[in-house]
Amino acid sequence: MNLNDLNPEQRKAAETLEGPVLILAGAGSGKTRALTYRVANLIDHGVKPWHILALTFTNKAAREMKQRITQLVGPQAEEAWISTFHSSCCRILRRDIEKLGYSRSFTIYDTDDQDRLLKNIMKELGVSEKTLTTREARAIISDAKNKALGPDEWFHQSSRRQADQRLHDVYVAYEERLRELNALDFDDLLLRTLELLLQHPPVLQSYRERFQYVLVDEYQDTNYTQYQLVRLLTDQSRNLCVVGDDDQSIYSWRGADIRNILDFEKDYPETAVIRLEQNYRSTANILDAANQVIANNMERKDKRLWTETDPGEPITVYGARNERDEAAWVTWQARSLLDAGEKPGEIAVLYRSNAQSRVLEEALRERNMPYIIYGGLRFYDRKEVKDVLAYLRVLANPADDISLMRIINVPKRAIGESTVQALADHARAGGMPLFSALTDQPAGLGKRAASAVSQFVMLLLKLMAEKDSMPLKSFVTHLIEETGLKEQYRDKDTEENQSRIDNMSELEGAVSEYAEEHPGATLEEYVENIALVTDLDSQDNSQGAISLMTLHSAKGLEFNNVFITGMDEGIFPSNRSVEENREEEERRLCYVGITRARKRLFLIHAAERFLYNSPQSYGPSCFLQELPERVIRRMGERIGGPARKSSFSRSADSYGDSFGYGSSVRTAPRQKTGQPVSRLSGAAGLETIPGVTRGFVPSKAAGISPAPALPQLKAGDRVSHPTFGPGVVKRITGEGAGMKAVILFDRWGEKLMKPSVTPLTRLEEDI
DNA sequence: GAATAAATTGTTTTT
DNA sequence: CAATTTATTC
């Protein structure tokens, strides 16, 4: 194996093959490279690929690792298990779960299914949503499972009050129902595997022998259950290599336990610790900033990233007047980066929460700059897609009550709540699945309901017969047609309905692609395999668009140019995190954000933001104050100095004046401790926060703004746009500079744009 | 049973 | 504000 491409530390990581190894890999230190070479080197030293288990958190990471290892050692890499924790566990369970009393064809429930199940349970137990919401229950149960706590164990370590008792009962019933439904939730995949290994020594032994070399990526993100699992597998071989960065632990709220990495050396005293501290990604200035910020955390392994590269450009801190100014500035700045030759795909705009994306999106759209928003609703989480999948699941497993309930009245077929309740009660009384109650109907159903139910069950039976006589490739299309799933969205021709129909078509495509890749695959196999697929092979950004995403989803990515917006105390770090003493995790998130940047970093805060319809002033984020002064360049509003007018005035002006000040005073801002000071409460105007002076008075006069290009635009007007071509105005909202128009373009569909900043021309009326 | 009005509520989300 | 859930009519 040629390891000459590696630096000395990476090389050590790739060469230390035996015994426990802890690789502390700073951001951008070539972690994946070291890892893949290590696996290749193992194989090179005669380790059989099937003795290797590499665990990741995301499908994407697994795919990438597998691909890079294949590049080094060829197709034999296929024989190593390189996959996510969840899919590895799934694979183990599909083999041996019968030992735990489940059937091997178990269904995997996602959070949506969990919520539905919990809702039913809580209704049955008479737990009111007011005392405990399904979401809360789900979160607590998930948290318990992440800590490998069953209902009793969980209760024992709780405060054991009445509320905990109630939750305990819900948890017990939940587990019971899952078993009846032959379903596992995501957390169960890990927990049941642990259970299997603990309760069945021969199974454990076989996997211990099989996985002689175990590797865990992003070890700082492991939870207790995963930790136990890995421990169990490697206790004998001691050949465990974990890679991680405690400074990038940002998922504690999902059960990740940072102690797993901090205490690794205690668990494995003979550990070889390797530190990858040379950063190959960012400029020295960016790295300085990252180092300085993260140094404020107390609970961390001391390390310092270094680089051989130049200082590079200073980090720009822009003080925006408000979120519109922020968006306008980002857009403007991005424009000049593009003009300077940067590719759109090399620009990322990051924010703390998804809600912040809207203003940015609008600003980019108005200027016709290409962008892509990551996160939000994923393909397989969409209602219409899940509806189709629920049909497939019911056909594959008629005992799946949760999926059946989901589709029993989709599309609407006059089986309402009370009918479903009657069916469910009847099924429960007879100790049978809901599906049986469809044929063996309870007495007392109305005539209309009874016939609707009969029609529905006939449809299902027909489809069940057809699924085996028809190729999978075309079956889904047939099913959608027969059930009328698309038809229900055809009555109104809205953008939303169209997208639902398109998504179903896309699913049909995905299924037929699957059918082609797996000749002879049955519907059942498809349903089993789809549960852990989350993205349609990740959103593709080959077109080259500016990426908009949360700081969390930016982890693992890198860009030449990174903007972090919303650097305001209360937003980032978020109030809630600060209240719950998770400031250090927020700081790690900030560290993650900063270290995404290769060449340029822009940090933006705003003097004022509209939140829930009231203007609020936050201060600049504490993280901004933690930056070393020497690497930053300030623009816009001064922090800690005399106020001055925004140096970015021109474009900002056209946005800045469309405030709805007077009209929005009604809502008194919520004043919790730590909440931002509202401009409208107490000392109005230019109040002073220690160390910060903000200074500008937003203009109320709408007349100052440039006159809209098309002042008297009205619905029905035919207009033309330089890029989108001809279209017709559907709706108008607002007026003056704030006027927005929904325009249905002949070739591009509906777009929302502001005539004041979009170059529209009016066309002659068509007759 | 379904359409409509009123009320509620705002982080992050790998599987 | 806007998205979503719940209560109230028809």
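Just so we're on the same page: letters track the sequence lines, and every chain starts at 1.
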DNA chain B: A/Arg448 or A/Glu580, which has the more 5' nearest nucleotide?
A/Arg448
Separation of A/Phe106 atom CZ from B/dT15 atom C1', in whole Å?
13 Å
Rounded to the Å, how far apart are A/Glu586 CD and B/dT11 C1'?
8 Å
Who pairs with A/Tyr514 by ring pair (Phe, Tyr, Trp, His ring centres under 6.0 Å), at least two apart in sequence or on another chain?
A/His518, A/Tyr526
Would you tell me if any nitrogen or oxygen in the side chain of A/Ser553 comes within less than 4.0 Å of OP1 or OP2 on B/dT12?
no
Classify A/Ser574 by what it touches in the nucleic acid, base, sugar-phosphate, or nothing, heavy-atom distance under 4.0 Å.
base
Rounded to the nearest Å, what distance is computed from the NZ atom of residue A/Lys145 to the P atom of nucleotide B/dT15?
19 Å
If I take atom CD in residue A/Gln356 and atom P in nucleotide C/dA2, what distance separates them, rounded to the nearest angstrom?
17 Å
Partners meeting side-chain contact (heavy atoms from CB on, under 4.5 Å) with A/Arg254 (sequence neighbours left out):
A/Tyr251
Taking the minimum atom-to-atom distance to the side chain of A/Thr550, which one of B/dT11, B/dT12, C/dA2 wins?
B/dT12
Separation between the C1' atoms of B/dT11 and C/dT6, rounded to whole Å:
24 Å
Report the distance from atom NZ of A/Lys383 to atom P of C/dT5, rounded to the nearest whole Å.
12 Å
So side-chain hydrogen bond (donor to acceptor under 3.5 Å, both in side chains) across residues 84-93 of chain A, not counting sequence neighbours, yields A/Ser83-A/Ser88, A/Thr84-A/Ser87
When we call it a touch if two heavy atoms are under 4.0 Å apart, what does A/Arg588 touch: a base, just sugar-phosphate, or nothing?
nothing
In whole angstrom, give me the gap between the P atoms of C/dA3 and B/dT12.
15 Å
Mind checking side-chain contact (heavy atoms from CB on, under 4.5 Å) for A/Val359 and listing every partner two or more places apart, or none if nothing turns up?
A/Glu323, A/Arg324, A/Ala327
Could you state the CZ-C1' distance from A/Arg63 to B/dT15, rounded to the nearest angstrom?
13 Å
Taking the six-membered ring of A/Phe106, is the NZ or CZ of A/Arg192 close enough (under 6.0 Å from the centre) and on axis enough (within 45°)?
no
Under 3.5 Å, is there a donor-acceptor pair linking the side chains of A/Ser574 and A/Ser577?
yes
Short side-chain N/O contact to B/dT12 OP1/OP2 from A/Asn354, under 4.0 Å
yes
Taking only residues at least two apart or on different chains, which pairs with a member in residues 133-142 of chain A satisfy salt bridge (Lys or Arg N to Asp or Glu O under 4.0 Å)?
A/Asp115-A/Arg138
NA contact type, A/Tyr251, heavy-atom cut-off 4.0 Å: base, sugar-phosphate, or nothing?
base
Restricting to salt bridge (charged side-chain N to carboxylate O under 4.0 Å, His left out), what partner residues turn up for A/Glu384, sequence neighbours left out?
A/Arg500
Please write out each protein N/O paired with an N/O of nucleotides 6-10 of chain C under 3.5 Å, distance rounded to 0.1 Å.
none

Atom-pair distance (CZ on A/Arg135; P on B/dT11), nearest Å:
9 Å
Determine whether the aromatic ring of A/Trp253 stacks with the base of B/dT12, defined as ring centroids separated by less than 5.5 Å and ring planes inclined by less than 30°.
yes
Is A/Asn59 close enough to B/dT15 that one of its side-chain N or O atoms is under 4.0 Å from OP1 or OP2 there?
yes
Under a 4.0 Å heavy-atom cut-off, which of residues 404-421 of chain A touch DNA chain B?
A/Asn409, A/Ala414, A/Gly416, A/Glu417, A/Ser418, A/Thr419
A/Asn529 has an atom CG; how far is it from atom C1' of B/dT15, in whole Å?
15 Å
Which listed nucleotide (B/dT11, B/dT13, B/dT15) is nearest to the side chain of A/His552?
B/dT13
Taking A/Val349 as the fixed residue, which of A/Val562, A/Ile373, A/Thr565, A/Ile564 is the one that meets the side chain to side chain contact (heavy atoms under 4.5 Å, CB included) rule?
A/Thr565
Would you please name every residue forming a salt bridge (charged side-chain N to carboxylate O under 4.0 Å, His left out) with A/Glu558, sequence neighbours left out?
A/Arg281, A/Arg598
